[in-house]
Amino acid sequence: MAVSSTSHGLLSLLLLILIHLLIFLHCPTHVAATTGIRLGIIRKPSPNVAIFREAPAFQNMDACEHAEKIHIAMTLDSNYLRGTMAAMLSILQHSMCPGIVEFHFLWARFDPEVLSNIQSTFPYLNFNVYRFDSNRVRGKISKSIRQALDQPLNYARIYLADILPVDVKRVLYLDSDLVVVDDVAKLWKVDLQGKVLAAPEYCHANFTQYFTKSFWSDGEMSKTFEGRNPCYFNTGVMVVDVDKWRQGEYTKKMEEWMVLQKQKRIYHLGSLPPFLLVLAGDITAVHHRWNQHGLGGDNLEGKCRSLHPGPISLLHWSGKGKPWLRLDSRKPCTVDHLWAPYDLYRSSAHHFEE
């Protein structure tokens with residue numbers, strides 16, 4: 001009988017170990033997602049398993065029947081998908097006519113997991129996806145002060161007029177690290193006053209810092225700003241007249257500066273300087289409320305920054321620090337809590353209250 005009892009005991013122990021092993025093997029998605037967030041990358045989930053909660057279906061107001069369609073362009077990158085989802089939610093939530101908003105996503109490569117997550121999170125979303133050919137810029141990109149600024153997709157905004165359908169006459173380009181807290185139609189309807197682009201201008205910023213000493217010491221190159229009063233503007237929030245952009249061949253003009261940059265090193269900040277070289281001092285200024293930028297800190301350390309005084313319609317975490325990473329690290333900046341209510345990521349403790 002003693003042998004029989006021992007056998008039963010061993011059998012029970014083996015059965016218990018087997019059960020624990022099966023439980024462990026069936027939980028890889030949760031482990032991968034948790035690890036991914038610590039690294040700042042969203043790991044691919046198992047097939048057909050969404051990693052974002054479904055967003056509410058927002059309805060149009062009665063006055064939206066004859067409203068003009070709003071075209072919004074954004075890049076699509078799996079590393080920034082969490083930010084993109086939050087930005088989309090904020091736009092739809094605060095829009096009086098969410099049904100007229102059409103998103104145009106640009107991505108460097110097809111990723112079915114990203115696409116399925118958008119479809120499951122926003123089942124009613126009106127959107128299109130376009131491939132951006134990275135080869136168009138690979139030979140024109142120079143190393144900048146932050147690796148994220150060197151990615152080909154960061155330059156896709158220069159090629160919007162070549163990528164979007166011809167029936168899109170105007171587009172609002174937005175970065176993925178922002179949230180809109182006002183009706184986006186107000187920004188969409190801005191009077192371009194015959195200019196190709198509208199954005200908040202910051203004329204108090206030291207404009208000379210965006211270019212190297214070799215640029216300013218070259219009499220021919222520095223003449224590019226003659227007849228203009230150039231001011232810094234952030235390219236993460238722009239209203240663009242697509243037809244005028246095509247007619248003025250602005251993509252070609254920016255590419256010429258990018259080629260020169262490879263030869264002479266005239267700037268340090270990725271895709272921003274070509275915009276400044278071609279358009280600074282020749283855009284329509286928009287109220288600063290539409291780009292409360294720099295909330296991600298500087299490009300080197302990403303230290304916390306506080307809000308600028310005045311009304312706010314759009315919060316922008318430009319800079320090195322991103323709110324989802326700082327929240328997950330349990331070392332958030334105060335302003336990051338303004339982003340948290342729009343976070344649709346499933347494992348997040350901060351969530352949108354339906």
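Not measured: the values here are computed from a predicted model. All heavy atoms count here, side chains included; hydrogens, waters and symmetry mates do not.
- Taking every heavy atom of both residues into account, A86 and V179 meet most closely at O-CG1, 4.2 Å.
- Between the side chains of N234 and Y232, a donor-acceptor pair is found at a separation under 3.5 Å.
- Between F275 and W245, the two ring planes are tilted [angle within 30° to 60°].
- Counting only N and O atoms by type, the side chains of D77 and T75 include no donor and acceptor under 3.5 Å apart.
- Here salt bridge (Lys or Arg N to Asp or Glu O under 4.0 Å) pairs that include residues 193-209, with residues two or more places apart or in two chains, are K195-D282.
- Annotation: F225 is in aromatic contact with F207 [ring centroid separation under 6.0 Å].
- Using modelled atom types, one finds a donor on one side chain and an acceptor on the other under 3.5 Å when comparing R157 with N154.
- Checked for salt-bridge contact, D177 and K322 meet the test: a charged N lies under 4.0 Å from a carboxylate O.
- Between H308 and H288, the distance separating the two ring centers is not shorter than 6.0 angstrom.
- Ring-centre distance between H104 and F127: not below the 6.0 Å cut-off.
- Hydrophobic cluster membership is shared by W216 and L276, with clusters built from Ile, Leu, Val, Met, Phe, Trp and Tyr side chains linked at under 4.5 angstrom.
- In summary, the aromatic rings of F233 and Y202 are positioned with their centroids too far apart to meet the 6.0 Å limit.
- Under the ring-ring contact (aromatic ring centres under 6.0 Å, His included) rule, F132 has a single partner from Y159, F105, W107, which is Y159.
- If you look at Y345 and F52, their ring centroids are closer than 6.0 Å.
- Aromatic pair F215/Y267: ring centres not closer than 6.0 Å.
- Checked by atom type, the side-chain pair H316/N291 shows a donor-acceptor distance below 3.5 Å.
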